[in-house]
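To find a chain, count down the sequence lines: A is the first, B the second, and so on, and within it residues start at 1. Remember, predicted model here, so these are calculated numbers, not experimental data. Just the heavy atoms: all of them, side chains too, but no hydrogens, waters or symmetry mates, feed the values below.
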Amino acid sequence: MTAYRYWLLKSEPLTYSIDDFASLGVDHWDGVRNYQARNFLKEMQVGDYAFFYHSNCKVPGVVGLARVVRAAYPDHTSFDKSSKYYDPKSSPDNPRWFMVDLEFVEKFGREASLTELKHQPALEDLRLVQRGNRLSVMPVTAKEAQCILRLCEASLV
DNA sequence: GCCAACGTTGGC
DNA sequence: GCCAACGTTGGC
């Protein structure tokens, strides 16, 4: 038996925002096309929590929380020629890319901006706040998760 | 819109 | 296997 873990997922709100996610309730997290991010995706387990982060927008930051409801399975958009995520090197027999299913948990009443996150000593090792970081799926330690939750005035209860 | 940082591609 | 060229990310 293992305790649940925490992750952070980036999304551009103009493409897919926390409100889009909230209105769906449960959704696939597809389109990850980076090997390091994919490897983290494959480590995600049912019950793990994932912070939802808005990137490439006016005020980037953590805006909500999700929970993993299905562990990694092949990302079918990589087989779909009409998808912008199509990858000819990925096939159903030998899938290269994976996705998980997430359930919306909450949109925080208070967001934790990137600027704010960068000022937290407890978060100095978080990939997100490090120089040149581009990873879209990353692990978050329990300590870091508590810090983010506190900034968002939220708790898991 | 700019541009630094990073990942990937492909010639050699 | 090196590395220049290119494409993308994402903060500012």
Side-chain angles (χ1 to χ4, degrees), chain A residues 5-24 27-44 48-66 68 71-102 104-141 143-154:
Chain A
R5 292 180 295 178
Y6 306 91
W7 305 90
L8 184 145
L9 303 169
K10 292 182 185 174
S11 186
E12 302 192 12
L14 285 176
T15 306
Y16 189 85
S17 72
I18 185 74
D19 292 324
D20 296 326
F21 179 40
S23 69
L24 291 169
D27 201 7
H28 314 299
W29 198 264
D30 60 11
V32 170
R33 294 294 181 269
N34 168 282
Y35 290 104
Q36 201 175 4
R38 177 201 68 181
N39 293 342
F40 284 135
L41 263 190
K42 288 171 84 169
E43 288 183 35
M44 295 173 76
D48 286 357
Y49 286 99
F51 291 102
F52 197 110
Y53 176 87
H54 277 172
S55 68
N56 202 11
C57 56
K58 200 161 186 177
V59 184
V62 173
V63 295
L65 191 67
V68 179
Y73 60 104
D75 181 344
H76 53 73
T77 64
S78 68
F79 315 139
D80 178 1
K81 283 187 179 171
S82 67
S83 169
K84 67 171 178 172
Y85 296 125
Y86 175 64
D87 180 353
K89 292 174 182 161
S90 183
S91 68
D93 287 343
N94 189 17
R96 174 174 293 205
W97 305 113
F98 292 80
M99 60 185 178
V100 298
D101 287 355
L102 297 175
F104 174 80
V105 174
E106 69 174 308
K107 178 180 178 179
F108 295 137
R110 187 186 182 289
E111 300 182 4
S113 71
L114 178 60
T115 306
E116 220 176 345
L117 297 172
K118 282 181 170 173
H119 284 97
Q120 303 301 314
L123 301 181
E124 64 185 6
D125 292 332
L126 183 63
R127 298 284 297 262
L128 183 76
V129 304
Q130 290 169 6
R131 200 173 74 114
N133 158 74
R134 286 171 51 176
L135 197 60
S136 64
V137 179
M138 69 186 74
V140 175
T141 67
K143 181 188 81 169
E144 291 163 345
Q146 290 312 313
C147 179
I148 295 170
L149 287 167
R150 184 174 49 76
L151 288 173
C152 296
E153 296 170 3

Distance in Å, A:L117 CG paired with A:E111 CD, rounded so as to fall on 0.5 Å steps
11.0 Å
Out of the candidates A:F52, A:W7, A:F40, A:F98, only one should pair with A:W29 under the ring pair (Phe, Tyr, Trp, His ring centres under 6.0 Å) rule; please name it.
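The ring pair (Phe, Tyr, Trp, His ring centres under 6.0 Å) with A:W29 is passed solely by A:F52 among A:F52, A:W7, A:F40, A:F98.
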Nucleotide [N], atom [atom2] - distance to [atom1] of [X] in whole Å:
X: A:N34; N: B:dT8; atom1: CG; atom2: C1'; value: 10 Å
X: A:M138; N: C:dT9; atom1: CE; atom2: P; value: 14 Å
X: A:R127; N: B:dG7; atom1: CZ; atom2: C1'; value: 13 Å
X: A:K89; N: B:dT8; atom1: NZ; atom2: P; value: 11 Å
X: A:D87; N: C:dG7; atom1: CG; atom2: P; value: 18 Å
X: A:E12; N: C:dC12; atom1: CD; atom2: P; value: 15 Å
X: A:R33; N: C:dT9; atom1: CZ; atom2: P; value: 12 Å
X: A:H54; N: C:dC12; atom1: NE2; atom2: C1'; value: 19 Å

Under 4.0 Å between a side-chain N or O of A:K10 and OP1 or OP2 of C:dT8?
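It does not, given that no N or O in the side chain of A:K10 lies less than 4.0 Å from OP1 or OP2 of C:dT8.
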Are A:Y53 and C:dT9 close enough that a side-chain N or O sits under 4.0 Å from OP1 or OP2?
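The answer is no; no side-chain N or O of A:Y53 sits under 4.0 Å from OP1 or OP2.
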I'd like to check A:Y16 versus A:D27 (side-chain heavy atoms, cut-off strictly below 4.5 Å). Are they in contact?
yes
Could you go step by step and tell me if A:T77 and A:D75 meet the side chain to side chain donor-acceptor pair (under 3.5 Å) rule?
CA-CA 5 Å; A:T77 64; A:D75 181 344; 2.5 Å; yes
Run A:D19 and A:S17 through side chain to side chain donor-acceptor pair (under 3.5 Å) and show every step you take.
CA-CA 5 Å; A:D19 292 324; A:S17 72; 4.6 Å; no
A:R131 vs A:N56, nearer the 5' end of DNA chain B by closest nucleotide
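Its nearest nucleotide lies further toward 5', so the answer is A:N56.
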Selected nucleotide, minimal atom distance to A:K118 side chain, candidates B:dG7, B:dT8, C:dC12
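Within the option list, the nearest is C:dC12.
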Nucleotide of B:dT9, C:dG11, B:dT8 approaching A:L114 most closely (side-chain heavy atoms):
C:dG11
Which part of the nucleic acid does A:K58 contact within heavy-atom distance under 4.0 Å: base, sugar-phosphate only, or nothing?
nothing
